[in-house]
Amino acid sequence: KNFTEEGRTMRIDKFLKLSRVIKRRTLAQEACERQKVTINGKIAKPGSEVKVGDIVEIQFGEHVTRFRVKKISEHVRKEEASDMIEIL
């Protein structure tokens, strides 16, 4: 894998946890398995890769959260987690 910012990818389940969109990775995996998560309009599996610029939608019950991936980074402090996404 290359680690230049624009070429970097990350598994969606891990990204959702690191960006604090979903608190636990197991919950992120379940959301994907239940087809509640899409990346650029396609159903995401837990191992689907996400990159900067991708549009992710997650369905929580009746509510849909839609955001753009702004940043991918392996180590994120809690205060920086919100910098990883832009809510749309």
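Worth knowing before you read on, the calculation uses all heavy atoms, side chains too, and leaves out hydrogens, waters and symmetry mates. Everything numeric here is computed off the predicted structure, so don't read it as measured data. Position 1 is the first residue of the sequence, and the numbers go up from there.
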N/O donor-acceptor pair under 3.5 Å between N40 side chain and D54 backbone: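 Absent.
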Would you say the side-chain atoms of R66 pair up with the backbone N or O of E57, donor to acceptor, closer than 3.5 Å?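 Not confirmed, R66 side chain does not pair with E57 backbone.
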Working to the nearest 0.5 angstrom, can you tell me the gap between [X] [atom1] and [Y] [atom2]?
X: K71; Y: S19; atom1: NZ; atom2: OG; answer: 12.0 Å
X: R25; Y: E30; atom1: CZ; atom2: CD; answer: 13.5 Å
X: Q29; Y: L27; atom1: CD; atom2: CG; answer: 9.5 Å
X: T65; Y: K36; atom1: OG1; atom2: NZ; answer: 12.5 Å

Basic-acidic side-chain contact under 4.0 Å: K70, E86: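 No, this pair does not count.
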Would [X] end up clustered with [Y] when hydrophobic side chains under 4.5 Å apart are linked, directly or stepwise?
X: F67; Y: I39; result: yes
X: I55; Y: V52; result: no
X: L18; Y: I87; result: yes

Closest approach of K51 to V69 (non-hydrogen atoms, all atoms of both residues):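 It is O-CB, 3.4 Å.
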Just wondering, do [Y] and [X] contact through their side chains at under 4.5 Å, heavy atoms?
X: E74; Y: K14; result: yes
X: R20; Y: S82; result: no
X: S48; Y: R11; result: no
X: F60; Y: I22; result: yes
X: I12; Y: E49; result: no
X: K17; Y: R24; result: no

Checking side-chain contact (heavy atoms from CB on, under 4.5 Å) against V56, which of I85, V37, V21, T38 comes through?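 For V56, the side-chain contact (heavy atoms from CB on, under 4.5 Å) test succeeds with only one of I85, V37, V21, T38, which is V37.
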